[in-house]
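The next block holds one structure in the form of C-alpha cells; read it before the comments.
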Amino acid sequence: MSANTDPCSRITELRELLNRHNHNYYVLNAPEISDREFDMLLKELETLEKQHPEMADPLSPTQRVGSDLTGAFEQIEHIYPMLSLGNTYSIDEVDEWFHRVRTALGGESFNVVGEMKFDGTSISLIYEHGRLVRAVTRGDGERGDIVTENIKTIRSIPLQLQGSGWPDFFEIRGEILMPWEAFDKLNREREFNEEPLFANPRNAASGTLKTLNSREVARRGLDAYFYYLLGPELPFDNHFDNMMAARSWGFKVSDIMTLLPSLESVDDFIRHWDEARRHLPVATDGLVFKVNSLRQQLNLGFTAKSPRWAIAYKFPAERAITRLRFVSFEVGRMGIVTPVANLEPVLLSGTIVKRASLHNEDIINTLGIHEHDMLFVEKGGEIIPKITGVDERDRIAGSQPVRFVAKCPACGTPLIRIEGEASWQCPNKFGCPPQIAGRVEHFVGRKMMNIDGIGEETAQLLFDNGLVRNIADLYDLRPEQLMRLPGFGPRSAERVMEGLEASKSVPYDRVVYALSIPFVGDTVAKKVARAFPDIDTLMSATSEQLAATKDIGPRIAESVVEYFSNPLNRQIVERLRAAGLQMSMPAESDEGRTDLLGGKSFVISGTFSLHSRDEYKALIERNGGKNVGSISKKTDYILAGENMGPAKLEKATSLGIPIIDENRFLEMLGQQ
C-alpha cells in the first residue's frame, strides 16, 4: 500500500479483490493468482482490519476461517416450507409423472429442467441488498437451525453478490456437500485418531455443518451447489433463467442443469447420467426434474408433502464386478491377521476401489473365493467396499481356492486361533514389526497420548530406523536422532519433543487406554482407571477383582491380568512411569461424585445451550449414570436438546422412554 492510499479505501479494494479471486478459484475453477499471492492479500487485509476496527464487516473475506467459539444453534421458521420431492426408481415412473403433468396442464406445451440430485445436506440462504444475512438448515421442513457462521466458511458461497440484477430480497436453496477428496481425507484423520468413520459424504457434510466450531468447519473443505431461487420479485418467469442469473451473481450452479423440451430428451438425460455421474467429484443419488415455467408450477400446485411440478429419480444401488489380483494378509497392532482382496481398479460411487477387506477365514470360505475370481463389489454404507459374491461363470479353469495363511506374513510365527472367534492371531507381540509399529501409532493418537508430530508414517519410520522398538522408547528420542530421518528438520523434530513433553500431563485413564491392552478401549479404560486408581493397584489386581467391576466381564478381566503378567509389559510401564507419565488418578477426581443417577442409562441427542454434549456425558458418569449410544428397552432416559433426530424421537416414543430436556436433567442433579 502506498503512503497516499487511504486505508479504508484499501480495505474495500482488498475485499472486492479477494471476493473475486475466491469466486474464480472455488466456483469457476480458474484461479488468476497463486495461493501465495492470495494469502499475502488476505494477510494485508487482516492487518488493516485490526488497525481500523471501525471498518469491521462480518462478511469480510477474513471471516471465512471461522471461530473456535461454540454455542447452540437458534431455530427459525422457514419463509417458504422446504418440502420433499416424490421419488421414482425407473424411467417408466418418470414418464408417468411427465404424462400426469401434461394432463394437468390441459395439453399445454411445457419444458422440463433436468438437474443432478446431489447427496448432501439441504440449505436455505437469505440475501438482502446483495449480502448474505442468514443460512438455515432444512430441519423438519418448517423450521431449521441458523448456521450462518458455519456457512460463511464455505468459500464457494458468495457473501457479497457480484454482477447486477439481483433482487433486494430473495432466498436461494442448495446442497452442502463434502467432495470425495475431502471426505477421504477426513476419514483417514478419524481412523488415525480412532474416531468413528463417517458412513458417507452426506453424513459428513451434515455433521460438519452442525459442528459448534466454525474453525473446524472451515478446515473440512465443504462445497455447495445451488438449484432453486425463491422470492417476491425474481428476474425471470422461469426456473432455468433464474438459476443462470444466480450463476452470474456468484453462485455455484451445476453445468449439468439442462433445459429438456420433450419426453425423449428427459429419458436420454437419465440414460446419460446413470453412467456419467460416476466421474463426478461429489456424491450423487439421483436426478431431479422440474417444470420450467413458474406460472405452470403455480397451476400444478402441491400435494400435502411435495410439489406436483417436480420429481426425483433415484439411481439404482451401485455394484461393480472386477477381478481379484491376489489376497494379502495384514497384521494389526493386536496381532489379528486380516485378509484383504486386492482388486483390479474399478470405479464405484465416485471413487476408485482397489482393495476390500475379507475380514476373516470364515468369510473367505463362505464366499468360496478362488484365485483370480471375478468378484462382486458394493459399498457398505456407501463408503466401505465389501465383497458380496463371486461370478463363478468366469472362473479360470484350474484355479485354486484361496487359503488362509498358517504363519504370520510379517514375522513367520505360526498363527493361533482365538477361541470362540473367527480370527487368527500372531502371538509374537514383541517381535512382529507391524504389531510394534501399530502400538506406537495407537499410543500417539489424539484420543490417547495426543503426541503432535508423530503419525502413521512417522511411527513406521521410527521403527524402520531402529529408534523405537516399544512405546517407552519414544521418551528416549533426541532431536538430533530425529533430524537424521527423511523429512525431518529442526522444527519438525522440536514439534515431536514438545508433543512428548506435553503428553506427560495426559490423564491416567488415557494412559491405560494407550497401552494397547486387548479389549480395553476408551470407555473400558475409564472404568478400569476409576476402579483401580493407580497403576500399581491395577497391575496387582486379580481377574476376580477386575470382573467384579461394573461393566467389566471375565474376558476383559483375563486380558488385563494376562497383559500385566508379562514382564516386558511391566518393564515398559516402569519406563513410562520414570519418563513422567501420569500413573494415578488425581486426588480430587472423586470429589463431586454422587450416585444420583446410579444405574440409569442415558442417550443424548440434539444440541444444547447450557452445556456441551461432552459435558453432559461427564455429568452422567460423575453422578453414577451410564452413557449409551443407541436407544433400546433398557434405556432409562433420552436427554434431548434442540433438533433431536426424528428417528430417535419415534423410537423413544414407541418404547415409552422418558424424554427430558437439559433443565429437567439438571434438576435431577440439584443444579437448577
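One is the number of the first residue; the rest follow in order along the sequence.
- Under the 4.5 Å side-chain criterion, counting only non-hydrogen atoms from C-beta, F519 is not in contact with V560.
- The side-chain heavy atoms of E378 and P385, taken from C-beta on, include no pair separated by under 4.5 Å.
- Both tests pass for R469 against the ring of F463: distance under 6.0 Å to the centre and angle within 45° of the axis.
- In this structure, R439 is positioned above the aromatic face of F430, its NZ or CZ under 6.0 Å from the six-membered ring centre and within 45° of the axis.
- Side-chain atoms of T594 and N623 form a donor-acceptor pair, as typed in the model, at a separation below 3.5 Å.
- Between the D373 side chain and the L375 main chain, no donor and acceptor come within less than 3.5 Å of each other.
- Between Y637 and F665, the ring centre distance reaches or exceeds 6.0 Å.
- No donor-acceptor pair under 3.5 Å is formed between the side chain of N569 and the backbone N or O of I572.
- In summary, the side chains of D464 and Q460 do present a donor paired with an acceptor at a separation below 3.5 Å, with no hydrogens or angles considered.
- Put simply, the side chain of Q425 gets close to the backbone of M334: a donor and an acceptor are under 3.5 Å apart.
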Report the C-alpha separation of R495 and D452 in whole Å, then their side-chain angles, then the decisive distance to 0.1 Å, and conclude whether the salt bridge (charged side-chain N to carboxylate O under 4.0 Å, His left out) test is met. CA-CA 6 Å; R495 272 182 64 204; D452 192 22; 2.7 Å; yes
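- Between S559 and P518, the shortest heavy-atom contact is OG-O, 2.6 Å.
- Using a 4.5 Å heavy-atom threshold, the side chains of T413 and C432 count as separate.
- The line from CG of D522 to OH of Y513 is 5.5 Å long, rounded to the nearest 0.5 Å.
- Ion pair D476/R575 flagged as a salt bridge, since at least one NZ, NE, NH1 or NH2 atom sits closer than 4.0 Å to an Asp/Glu carboxylate oxygen.
- Looking at R417 and D362, a side-chain N of the basic residue comes within less than 4.0 Å of a carboxylate O on the acidic one, giving a salt bridge.
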Derivation and outcome, side-chain contact (heavy atoms from CB on, under 4.5 Å), residues I631 and I657: CA-CA 9 Å; I631 298 171; I657 299 169; 3.4 Å; yes
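- Between the CG atom in L669 and the CG atom in L619 there is a gap of 6.0 Å [rounded to 0.5 Å].
- Heavy-atom contacts from other residues, nucleotides or ligands closer than 6.0 Å to CD of E498 number more than 12.
- A salt bridge between E621 and R530 is present, with a side-chain N of the basic residue lying under 4.0 Å from a carboxylate O of the acidic one.
- Side chain of S206 to backbone of T121: no donor-acceptor contact under 3.5 angstrom is found.
- Using a 4.5 Å heavy-atom cutoff, the side chains of L324 and I369 are in contact.
- Within the 4.5 Å cutoff, the side chain of P339 has heavy atoms near those of the I364 side chain.
- With hydrogens and angles ignored, the 3.5 Å screen pairs a side-chain donor or acceptor of R323 with a backbone N or O of H372.
- Of the possible donor and acceptor atoms, none in the side chain of D119 sits under 3.5 Å from a partner among the backbone N and O of D285.
- Nearest heavy atoms, G431 versus C411: O-CB, 4.3 Å.
- T322 is linked by a side-chain contact (heavy atoms from CB on, under 4.5 Å) to L343, E344, V346, V377, counting only residues two or more places apart in sequence or in another chain.
- Under the 3.5 Å distance criterion, the side-chain polar atoms of Y475 are left unmatched by any main-chain donor or acceptor of G580.
- Of the inter-residue distances, the one linking R395 atom CZ with E371 atom CD reads 10.5 Å to the nearest 0.5 angstrom.
- Here the side chain of Q582 pairs no donor or acceptor atom with the backbone of R577 at under 3.5 angstrom.
- Two residues are said to be in side-chain contact when any heavy atoms from C-beta on lie closer than 4.5 Å; I660 and F602 meet this criterion.
- Under a 3.5 Å cut-off, the side chain of S601 and the backbone N or O of K634 do form a donor-acceptor pair.
- Counting heavy atoms from C-beta on, the side chains of N470 and I436 never come closer than 4.5 Å.
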Show, in sequence, the C-alpha distance, side-chain angles and deciding distance for L515 and L576, and conclude whether the side-chain contact (heavy atoms from CB on, under 4.5 Å) test is met. CA-CA 10 Å; L515 292 176; L576 294 174; 3.8 Å; yes
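- The shortest heavy-atom contact between I620 and K626 is CG2-N, 3.5 Å.
- Here the straight-line distance linking atom CD of E361 with atom OG of S423 works out to 10.5 Å at 0.5 Å rounding.
- At least one donor-acceptor pair closer than 3.5 Å links the side chain of N360 to the backbone N or O of I363.
- Looking at T208 and R220, their side chains do bring a donor and an acceptor atom within 3.5 Å of each other.
- Side-chain atoms of V520 and I556, non-hydrogen and from C-beta on, do get closer than 4.5 Å to each other.
- The structure places CE of M583 at 13.0 Å from OG1 of T537, a figure rounded to the nearest 0.5 Å.
- K354 NZ: 12 or fewer foreign heavy atoms inside a 6.0 Å radius.
- Note on R355 versus E330: salt bridge recorded, some NZ/NE/NH1/NH2 to OD/OE distance being below 4.0 Å.
- Considering all non-hydrogen atoms of both residues, R570 and F564 come closest at NE-O, 2.6 Å.
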So M448 and F443, side-chain contact (heavy atoms from CB on, under 4.5 Å) or not? Walk me through it. CA-CA 6 Å; M448 287 66 72; F443 184 83; 5.8 Å; no
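- Residues that satisfy the ring-ring contact (aromatic ring centres under 6.0 Å, His included) test with H611, not counting sequence neighbours, are Y616.
- In terms of heavy-atom proximity, L461 sits nearest to P486 at CD2-O, 3.9 Å.
- One finds the CG atom of L655 at 8.0 Å from the OG atom of S632 (value rounded to the nearest 0.5 Å).
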Stepwise side-chain contact (heavy atoms from CB on, under 4.5 Å) test for L415 and V405: CA-CA 8 Å; L415 302 180; V405 292; 3.9 Å; yes
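- Closest approach of M449 to S503, counting heavy atoms only: CE-O, 3.4 Å.
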